[in-house]
Amino acid sequence: MRAEDDDAGGGEFVGARLDAGLRAARFASPPSADEFAAAVEPRNAPAVFRGVVKDWTASSRWDPRRGGLDYLREKVGPDVDVEAMMSSTGHVLVPFSKFMNSCKSYLRCPNASSDSPKAQEILKEPASSEEGCSSSLESCDQVYLAQVSILNTENKERCSLEVLKEDIQEPTFLRGKPFSSINIWMNRAHLRSSTHYDPHHNLLCVVAGCKKVTLWPPSSSPYLYPMPVYGEASNHSSVSIEEPDYSRYTRARYMKEYSERVILNCGDALFIPEGWYHQVDSDDLTIAINFWWKSRIMNEMLEHMDAYYLRRILSRLVDKEMNKMVQENSVSCSKGTTVCQPTDEESGGPEQLKQKQVNSDSSDKKDSPLQTLEPSTLQALYELISLVHNSAEMVSQNEITEPTSQDAYCKQSNGSKKIAADDSSLLEKDPIAKIILPLKPLELQSMLLAMARTFPRTLEALVLNMLGPIGAEILTRKFDEMDQQATKEQQSEFYKTFYSVFDDQYAAMDALLNGKEMFSFQVFQSVLRQYIGVTLAGLVVLTKGQ
């Protein structure tokens with residue numbers, strides 16, 4: 001039923017990164033109401049129902065290419081106004097009969113430009129009191145009906161096309177659902193919607209023409225750049241489908257990989273769960289009916305628990321994002337990503353470290369800690385030492401004390417926003433994190449012990465002055481992994497040696513904990529941007545008890 005990720009022919013496809021459990025289920029025959037309620041709706045994943053509305057009167061009588069426009073005009077009557085959308089003016093109130101006439105004119109000459117003399121002649125309506133409206137329709141190919149109510153439980157006065165309810169039927173598997181509205185959607189020329197989500201469950205039923213619907217789960221929000229949650233268009237994506245600006249929306253390059261596209265022909269229906277992003281391409285003269293009803297998701301969330309739900313959801317998203325950052329970068333490093341390579345002048349550095357230790361008069365040459373390190377671990381040690389020493393030289397030359405990443409981060413909001421501006425580059429901005437990330441826990445343990453015994457002041461400077469937020473997170477995660485592979489005695493010996501190099505052991509512990517907290521805050525900022533389109537502004541103060 002599915003084609004692989006092949007967009008060339010405009011067929012169905014499933015993105016390579018879309019979780020299998022989120023792909024649209026296919027039904028050749030409709031389920032019962034009990035089956036839908038028990039097995040389909042609770043998944044909160046799309047479902048396609050083939051031919052489920054083919055027996056509707058609407059499916060046989062509304063087809064514009066088979067006299068459907070005349071049928072609809074006569075059924076609705078000449079005196080009913082509907083709210084239409086125009087590409088030039090937005091919402092406009094037009095007589096339904098005029099819209100039908102406009103569609104008939106388009107059907108006679110679908111390829112003519114609205115500005116051509118031939119098109120103007122074909123689209124010309126007889127003069128009447130509605131001449132201004134007719135003129136507007138003639139000058140705009142992109143005129144369509146969007147969400148015109150057939151049923152509206154919240155505002156019955158908006159049901160301008162209630163008479164059409166006679167031609168549709170409530171799908172058997174939706175029996176008993178508390179519909180908030182039933183609407184008609186109809187376009188004259190080919191139409192492309194924006195990418196958005198709805199706050200209700202939705203069953204989209206095609207009764208004439210064809211729709212191609214691209215779907216993204218709510219978890220794909222980071223790739224769609226949702227509009228700010230406080231704005232009027234908060235349920236829309238910021239990314240243009242026609243001309244995506246990948247320089248501005250870098251993650252949008254991967255949006256297709258998390259999507260699925262389904263094709264709906266006459267008689268087909270698609271269940272679009274609440275919160276799922278979707279973008280719809282409609283062929284010429286396509287007509288659809290949709291049913292909206294409230295899901296149980298929000299109804300079952302008690303209002304007095306909202307603050308708790310918010311904190312739990314944000315916490316879970318932050319944890320997920322932190323793990324993703326570390327794990328993805330870990331995979332990248334393990335595949336051979338080269339970081340902090342020495343210059344040509346520094347080649348042979350690790351061997352120079354060994355020779356330095358051998359020539360030192362501070363230890364037994366036979367038991368030199370450096371002699372026991374694996375070549376890759378020794379290389380990592382050399383890179384760390386080079387970073388610390390190069391930084392110290394720069395500070396000495398400038399005769400200033402460089403602020404730590406923590407200090408710079410807490411002082412001003414511009415700094416905080418700059419650090420977190422591109423969450424994918426956090427690791428790139430922390431060379432120390434890039435060095436220690438690929439090391440296995442026990443390799444890192446051996447390296448740190450060697451530093452503590454051979455270069456204690458370098459280790460102290462590295463932890464107190466140079467370790468950034470993501471570096472602190474990775475280092476402490478490595479500590480946890482070390483603990484799982486060591487006995488309590490070995491753990492005690494390691495931490496005793498590690499913290500012995502610091503004049504103030506509590507300062508070292510605070511540096512690690514504060515770094516972890518700052519990394520969490522950076523990720524929190526990232527979550528706000530990616531999922532609700534909000535960027536924090538103002539001073540950033542990371543203090544407890546306020």
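Predicted model, so just to flag it, every value in this text is computed and none were measured.
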Query raised in the report: Between Ser234 and Tyr230, is there a donor-acceptor pair closer than 3.5 Å when you use the side chain of the first and the backbone of the second?
Result: no

Query - Verdict with supporting geometry, Leu513 and Thr476, side chain to side chain contact (heavy atoms under 4.5 Å, CB included) - result: CA-CA 9 Å; Leu513 292 177; Thr476 52; over 6 Å; no

Query raised in the report: Do Ile272 and Asn290 have side chains that get closer than 4.5 Å, going by heavy atoms?
Result: no

Requested in this report: Kindly indicate, with the supporting measurements, whether the criterion side chain to side chain contact (heavy atoms under 4.5 Å, CB included) is fulfilled by Val388 and Ile432.
Outcome: CA-CA 10 Å; Val388 176; Ile432 294 174; 5.5 Å; no

**Report entry** Nearest non-hydrogen partners of Arg50 and Ile263, listed with the distance
**Finding:** NH1-O, 2.7 Å

**Report entry** Interatomic distance, Leu378 atom CG to Met447 atom CE [nearest 0.5 angstrom]
**Finding:** 10.5 Å

Query - Close side-chain approach of Phe521 to Glu517, heavy-atom, < 4.5 Å - result: no

Query raised in the report: For the side chain of Lys478 and the backbone of Leu439, is there at least one donor-acceptor N/O pair under 3.5 Å apart?
Result: yes

**Report entry** Non-hydrogen side-chain atoms of Gln522 and Met518 separated by less than 4.5 Å
**Finding:** no

Requested in this report: Kindly indicate, with the supporting measurements, whether the criterion side chain to side chain contact (heavy atoms under 4.5 Å, CB included) is fulfilled by Gln147 and Trp185.
Outcome: CA-CA 6 Å; Gln147 197 180 328; Trp185 307 72; 3.7 Å; yes

Query raised in the report: Does CE belonging to Met509 count more than 12 external heavy atoms closer than 6.0 Å?
Result: yes

Query raised in the report: Distance-only, no hydrogens or angles: does the Thr497 side chain make a donor-acceptor pair with backbone N or O of Leu449 under 3.5 Å?
Result: no

Report task. Please report the closest heavy-atom contact between Gln530 and Pro222, naming both atoms and the distance. Result -> OE1-CB, 2.7 Å

Requested in this report: Show the numbers, then the answer: is there a side chain to side chain contact (heavy atoms under 4.5 Å, CB included) between Asp268 and Lys211?
Outcome: CA-CA 10 Å; Asp268 295 338; Lys211 287 182 179 285; over 6 Å; no

Report task. Kindly write out the residues that satisfy salt bridge (charged side-chain N to carboxylate O under 4.0 Å, His left out) with Glu41, not counting sequence neighbours, or none if the list is empty. Result -> Lys177

Requested in this report: Run the ring-centre check on Phe502 versus Tyr506 and record whether the distance is less than 6.0 Å.
Outcome: no

**Report entry** Within 6.0 angstrom of Glu374 CD, more than 12 heavy atoms from elsewhere
**Finding:** no

Query raised in the report: What pair of heavy atoms forms the shortest contact from Pro218 to Gly275, and how long is it?
Result: CG-O, 3.3 Å

Report task. Supply the atom-to-atom distance Gln485 CD to Leu442 CG, rounded to the nearest 0.5 angstrom. Result -> 4.5 Å

Query raised in the report: More than 12 non-hydrogen atoms from neighbouring residues, nucleotides or ligands closer than 6.0 Å to CZ on Arg316, yes or no?
Result: no

Requested in this report: Measure the NZ-CD1 distance between Lys516 and Ile474 for me, rounded to the nearest 0.5 Å.
Outcome: 10.5 Å

Query raised in the report: Can you tell if the side chain of Arg477 reaches within under 4.5 Å of the side chain of Met322, non-hydrogen atoms only?
Result: yes

Query raised in the report: Can you tell if the side chain of Pro46 reaches within under 4.5 Å of the side chain of Trp276, non-hydrogen atoms only?
Result: yes

Report task. Only one of Asp281, Leu270, Val48, Val206 passes side chain to side chain contact (heavy atoms under 4.5 Å, CB included) with Val213; say which it is. Result -> Leu270

Query - Which residues share a side chain to side chain donor-acceptor pair (under 3.5 Å) with Tyr495, sequence neighbours left out - result: Asp483

Query raised in the report: Is a side-chain donor or acceptor of Ser259 paired with a backbone partner of Thr214 at a separation under 3.5 angstrom?
Result: no

Determine all donor-acceptor pairs shorter than 3.5 Å in which one atom belongs to a side chain in residues 456-463; sequence neighbours excluded.
{"unit_1": "Arg457", "atom_1": "NE", "unit_2": "Glu460", "atom_2": "OE1", "d": "2.9"}
{"unit_1": "Arg457", "atom_1": "NH2", "unit_2": "Glu460", "atom_2": "OE1", "d": "3.2"}
{"unit_1": "Arg457", "atom_1": "NH2", "unit_2": "Val501", "atom_2": "O", "d": "2.3"}
{"unit_1": "Thr458", "atom_1": "OG1", "unit_2": "His389", "atom_2": "NE2", "d": "3.3"}
{"unit_1": "Glu460", "atom_1": "OE2", "unit_2": "Asp503", "atom_2": "N", "d": "3.3"}

Report task. Count the heavy atoms of every other residue, nucleotide or ligand shown that sit under 6.0 Å from CZ of Arg192, and state whether that count exceeds 12. Result -> yes

Report task. Output the distance between atom NE2 (His200) and atom NZ (Lys294), rounded to the nearest 0.5 Å. Result -> 6.5 Å

Report summary line: So CZ of Arg251 and OG of Ser220: to nearest 0.5 Å the spacing works out to 12.0 Å

Query raised in the report: Less than 4.5 Å apart, any side-chain heavy atom of Met325 and any of Glu321?
Result: yes

Report task. Would you indicate whether Tyr249, at its atom OH, is surrounded by more than 12 heavy atoms from other residues, nucleotides or ligands within a distance under 6.0 Å? Result -> yes

Report summary line: Closest heavy-atom pair, Val229 versus Val534, reported as atoms and distance to 0.1 Å, is CG1-CG2, 4.2 Å

Requested in this report: Using a strict 4.0 Å threshold on nitrogen-to-oxygen distance, state whether Glu12 and Arg261 make a salt bridge.
Outcome: no

Query raised in the report: Quick one: does Leu370's side chain get under 4.5 Å of Tyr382's, heavy atoms only?
Result: no

Report summary line: Only one of Gln279, His236, His278 passes side chain to side chain donor-acceptor pair (under 3.5 Å) with Ser194, and that residue is His236

Report task. Identify the heavy atoms of Trp293 and Leu203 that sit nearest to each other, and give their distance. Result -> CZ3-N, 3.8 Å

Report task. Using only heavy-atom distances, determine whether the side chains of Tyr223 and Tyr258 contain a donor-acceptor pair under 3.5 Å. Result -> yes

Requested in this report: Can you spot which of Phe271, Trp292, Phe36 makes a ring-ring contact (aromatic ring centres under 6.0 Å, His included) with His201?
Outcome: Phe271

Requested in this report: Measure the shortest side-chain to side-chain distance between Asn44 and Pro217 over non-hydrogen atoms and say whether it is less than 4.5 angstrom.
Outcome: no

Query raised in the report: Would Gln445 and Gln490 count as having a side-chain donor-acceptor pair, cut-off 3.5 Å?
Result: no

Requested in this report: Report the distance from atom CD1 of Ile436 to atom CG of Asp430, rounding to the nearest 0.5 Å.
Outcome: 7.5 Å

Query - Nearest heavy-atom neighbours spanning Gly21 and Ala45 - result: O-CB, 4.1 Å

